[in-house]
Amino acid sequence: MSSNAKAPSLSERAKGNIAAPTPPYLNGLNEEQADAVLTTDGPVLVLAGAGTGKTRVLTTRIGHILATGKARPNEILAVTFTNKATREMKNRIGAMIGGMVEGMPWLGTFHSIGVKILRRHAEMVDLKSNFTILDGDDSLRLMKQLIKAENIDEKRWPPRRLATIIDGWKNRGLTPEKVPSNERGIFADGRGLSLYAAYQKRLKELNAVDFGDLLLEMNKLLADNPDILKEYHRRFKYILVDEYQDTNVAQYMWLRLIAQGTGNICCVGDDDQAIYGWRGAEVDNILRFEKDFPGAKTIRLERNYRSTGHILAAASGLISHNEDRLGKTLHTEDGLGDQVTLKGVWDDAEEARSIGDEIEALQTKQHPLNEIAILVRASFQMRAFEDRFVTLGLPYRVIGGPRFYERLEIKDACAYFDVVLNPANDLKFERIINTPKRGLANATLEVLHHHARSRGISLFESAMEIVDTEELRPKPRGSLRALIERFGHWRSLVENTPHTELAEQILDDSGYTQMWQKDKSPQAQTRLENLKELIRYMGEFENLAGFMEHVSLVMDADANNDGDRVNLMTLHAAKGLEFDTVFLPGWEEGLFPHQRSLDEEGKSGLEEERRLGYVGITRAKKKSHISFTQNRRIHGSWVTQPPSRFIDELPEKNIEVIEQMGNFGGYATSRFENMPQNYERTPKGNANAGKNYNRKSASNFTKTIDAKVIAKKTVTTDYEVGERIFHQKFGYGAITNINGDTLDIDFEKASPKKVKASFVERH
DNA sequence: TTGTTACTATTTTTT
DNA sequence: ATAGTAACAA
C-alpha cells in the first residue's frame, strides 16, 4: 500500500515483520473460520453446517484468546453439551497450547460447571455444599415413593411419566411456583404439580439435586444474588458455547445471565442438527440470538471439508424439505465421489447379514474398521448387528451404550461409598440395605421409613435408634446393627486409609464381592471385573469424595474398546463424529421417522427426525449406505412397513439403487432361512420357529445381549445333546437340546426346563 | 422373608 | 420378546 510509495524506514520494515506473520494456529483456516476466530469481542453466532470445521474454530478461538493474552485460562467459560465433546476440546486445545488444559477449570458441560458453582454457594439455595447428585434411577425411585405415599395408582400414573413431566418443567426453567396454570391439571387429576413441589421439598431434605436442578438452582442462585452474579461476570471474560442448537430454556437463561457481564459470548451451532427437542432443547434459542444479544455478529460456515459431493448433495436435498430453518448452502471443493447407495432387504437379520458381508469385503480391501460406522435410530436395532458380528467374528464397539456407571454392580458399589461418605443419603442406603440379602426387606424398611418420617431424621439415623429398641424382631435387628456398625467402621477409616484400599475393603466386608462370586450366572464374572475396573479407575482420583463427584456426572470409562473395530451407535450418539463409510439401516416408516415423534410432536417431530437423517448422512466422508427392511419384529410380532418417506425425498441423481435378484431386495438369498419363520407365525408357534431359526444360523454361540462377554470366551458350552448332567435344584437329567449356553434338559424328577449351562455339572 | 411363577406393560433419543 | 412387578408358596 502506501509504504510502496516511499522507502520504508528501518524501524518500519522491522515492525512490518512483527505485525504481518499470521500466528501458526490460523494457518489453513478459511476466511469465515478466521473471522469467527478473530472476532473475539461482542456477541458472535457461528452457524456451522455439518463438517465445516466447527470444533476447530472453537478450539482455535480459545487458543487465540489465550495466545494474545486477552484472558487467562481460568477466565474463559467454555460450555459443551456432552462429556465427549469436553474431552475432545481438552485434547485439541492441549495439542495446540501444550499442557495448559488443566488450567482451564471452566471448560465442561453445563451440568459439571453447574455443580462447580453450586457447591461454592450451596447455602444460598438451601443446600449443603456436599449435596449429592441423583441420577435418573434415584430420582425415579424417589418419585415412586411420593406417588405411593399419595395413594395414586402406579399403574394408571406411572412414575416414569411424572419424571418426564417434571424434567420437562425443569428444562424450561420452571420451578413449581412458575408452572403455568394450564399445565397444572396434568398427571393424576391435577396432582402433578403438588407432586413436583413435594419432590423438590424431599430433595432439599435429602440434600440432593437431580440433573435438572443443576440448571434450575443455578439460575435461582444467579438471579437472586446479584453480588454473586457480578463475581462471575468479573471472572468470565469470554464465553463460548458449543452445539448451541441443543440448549434448552434453562440453559439459555443461565447463559444470558452470565453473558450480561462482558457480552463476549460466542455460540456455535447448526439449526439443521438440532436433534434434542424431545429433551427440551429449543431451536428457537438460535433464532433469537440476534434479538437477545444486540449487535451480534453472525458468521456462516458453509464450506464442508468432510464429505464428497454426492453425499453432501443427498443430505442437503433431504434437509431442504424442512421448513423451519435458517438456511445454509453447504458446498465442497472435493469431487463428487460415490453416490449414496440405497438397498431394500427382507428383514433385519438379512440387513445385518448384508451389511456384515459388505464390511467384510471392505476389510479385505484394507479399509480400517475404525472408519466404519453403523448408525441406527433406536438401540434395539443394534442387536441384529451384534448377533451377526459375533458370528462373523467381526470386532465392533458400541458407542453410547449402557454406560459403565449405569451398570447394576457399579451403582451398588457406589451406593456403599456414598453412604459411607454421607449417611443421610437415604436413597443409596435403601438401595444397598438388603444387597446382598441380609434379611432386611420390605417389612424392616417400612418400620425404618415410618420412624424416620415421624422423627424427621434420615433412614440411617433412624436405623441407629431403632436398633436399640424392641421394635424389630431379633433377627433383623441384629442384622441391621451389624450393618450400621460396619458403616461406622468404614467411616472411621476414610481419613487414614488409601481410598482404593478402603473401597476394596468395603466391598469385601459387606459381602458384596462374595455375592457375585457365589453367583454362577455368566455375567457374574464380568461384574467382578467391572468392580475391579472401578477400583482401578478410582486410583486416578485423590480421594473417595473426588471420585464420587465424577461418577455421577462424568464417568464413562470404556474398557476393551481399543483396536480396530466397527462402530455401532445411535444417530444421536453420532453427532460430531465422522467416518469414511457409514451405514444407515432401518429407514422405514414408523422406525425412522419414529412413530412416536410423529404422534406426539406432529410436524416439528417429523422435522427433527429429518434432521436426524441429515446428521446421519453427513457423518460419512466417502460412502453412505442407506437400507430399509420390509419386515421387522416389533413388540415380538412381525410388522411389514413401507420404506421411509425420507427415501423419496433424496435427490435421485445422488442415489444409486442396489438392485437384487428377485423383486424385493434380498428375498432370493434370504428366503431359505426365513421361510420357516413366516410359515409358523401362529401366536404360539412363533417362539419355537424363532428358536429353530436361531440355532440353524447361529450354531454354537450364545444369543445373550452381553455380547462382549461372549466375544472373549467365544464358546462357553461344550456339552452335547444326550449327556447326563446334575443340577443343584432339579437333580439329574439329560440334555435334549443346546442353544448357546442355554440347555434344554429333561429332568428325572422335575419337568423339562431350559437352564443356563453354568448351573449344571457333568455326571 | 425369600424365591418362584404369572402377568403386564413396554420398547427413542440422554446430561 | 423381555423386563419389571405383583401375587403366591415355602
Side-chain angles (χ1 to χ4, degrees), chain A residues 79-86 108-115 133-137 139-140 144 154-156 158-161 163-164 167 170-171 209-215 243 246-248 250-251 274-281 375-383 400-403 405-406 434 436-446 473 475-476 479 552-556 569-575 586 590-601 605 608-609 611-612 615-616 632-638 683 686-687 689-691 694 703-705 729 751 753:
Chain A
V79 214
T80 68
F81 203 62
T82 64
N83 295 312
K84 204 165 64 182
T86 297
T109 62
F110 276 101
H111 300 267
S112 64
I113 289 171
V115 176
I133 302 159
L134 304 189
D135 57 22
D137 250 23
S139 68
L140 195 65
K144 203 188 244 173
E154 276 181 83
K155 286 267 168 65
R156 271 191 60 151
R160 257 235 123 61
R161 185 138 77 206
T164 314
D167 205 45
K170 289 190 173 179
N171 283 152
V209 295
D210 63 15
F211 285 128
D213 283 337
L214 291 177
L215 304 168
E243 306 280 13
D246 287 333
T247 51
N248 61 36
Q251 287 159 336
I275 54 176
Y276 284 102
W278 51 273
R279 209 169 102 188
L375 311 180
V376 297
R377 172 69 244 268
S379 47
F380 75 85
Q381 290 172 265
M382 291 188 190
R383 173 186 261 251
R403 299 213 187 309
Y405 68 83
E406 277 168 3
N434 203 26
K437 299 266 185 293
R438 310 188 164 87
L440 302 172
N442 295 2
T444 314
L445 213 50
E446 195 71 12
R473 294 178 188 290
K475 234 196 288 170
S479 183
S552 44
L553 278 180
V554 187
M555 185 165 158
D556 48 359
M569 70 194 89
T570 64
L571 285 163
H572 285 86
K575 196 170 64 163
L591 177 61
F592 185 54
H594 199 280
Q595 192 57 47
R596 206 139 137 184
S597 68
L598 299 178
D599 294 346
E600 285 170 17
E601 305 287 337
E608 180 153 316
E609 294 285 303
R611 292 194 289 267
L612 217 35
V615 168
R632 193 174 284 279
R633 211 202 303 238
I634 294 178
H635 310 341
S637 57
W638 287 91
N686 201 8
K691 295 240 162 61
N694 210 2
K703 216 185 146 249
T704 324
I705 313 168
K729 197 164 226 160
S751 57
K753 289 184 171 52

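Values below: every heavy atom of this structure, side chains too, minus hydrogens, waters and symmetry copies. Naming: A, B, ... by sequence-line order, numbering from 1 per chain.
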query: Ignoring hydrogens and geometry, is there a side-chain-to-backbone donor-acceptor pair from A:Glu609 to A:His594 under 3.5 Å?
result: yes
- request: Look at all strands and tell whether A:Lys144 reaches a base, only sugar-phosphate, or nothing, counting heavy atoms closer than 4.0 Å.
  value: sugar-phosphate
Interface polar pairs with nucleotides 13-15 of chain B, N/O, under 3.5 angstrom:
unit_1, atom_1, unit_2, atom_2, d
B:dT13, OP1, A:Ser379, N, 2.9
B:dT13, OP1, A:Ser379, OG, 2.1
B:dT13, O2, A:Trp278, NE1, 3.0
B:dT13, O2, A:Arg377, NH2, 3.1
B:dT13, O2, A:His572, NE2, 3.3
B:dT14, O4', A:Arg279, NH1, 3.1
B:dT15, OP1, A:Arg403, NH2, 2.5
B:dT15, OP2, A:Arg403, NE, 3.3
B:dT15, OP2, A:Arg403, NH2, 3.2
B:dT15, O4', A:Arg279, NH2, 3.2
B:dT15, O2, A:His111, NE2, 3.1

- prompt: Of all the choices, C:dT2, C:dT5, B:dT1, which nucleotide is nearest to the side chain of A:Arg383 once you look at every atom?
  reply: C:dT2
- prompt: Rounded to the nearest Å, what distance is computed from the CZ atom of residue A:Arg438 to the P atom of nucleotide B:dT2?
  reply: 11 Å
- line: Rounded to whole Å, the CZ-C1' distance (A:Arg473 to B:dT2) equals 16 Å
- request: Pick base, sugar-phosphate or nothing for A:Lys437, based on heavy-atom distances below 4.0 Å to the nucleic acid.
  value: sugar-phosphate
task: Indicate yes or no for a side-chain donor-acceptor contact from A:Glu608 to the backbone of A:Gly605 under 3.5 Å, with no hydrogens or angles considered.
output: no
task: Would you kindly give the CG-to-P distance between A:Leu140 and B:dT10, to the nearest whole Å?
output: 13 Å
field: Qualifying residues under side chain to side chain donor-acceptor pair (under 3.5 Å), relative to A:Ser479, sequence neighbours excluded
entry: none
message: Side-chain N or O of A:Asn434 versus OP1/OP2 of B:dT2: is the shortest distance under 4.0 Å?
response: yes
message: Over 60° means perpendicular and under 30° means parallel, so tell me whether A:Phe211 and A:His111 are parallel, tilted or perpendicular.
response: perpendicular
message: Rounded to whole Å, how long is the line connecting atom CG of A:Leu440 with atom C1' of B:dT2?
response: 13 Å
message: Just verifying a value: how many Å separate A:Asp246 CG and A:Lys575 NZ, rounded to the nearest 0.5 Å?
response: 3.0 Å
query: Starting at CG of A:Leu445 and ending at C1' of B:dT2, how long is that distance when rounded to a whole Å?
result: 15 Å
Spacing of NE2 belonging to A:His572 relative to CG belonging to A:Leu612, to within rounding of 0.5 Å: 4.5 Å
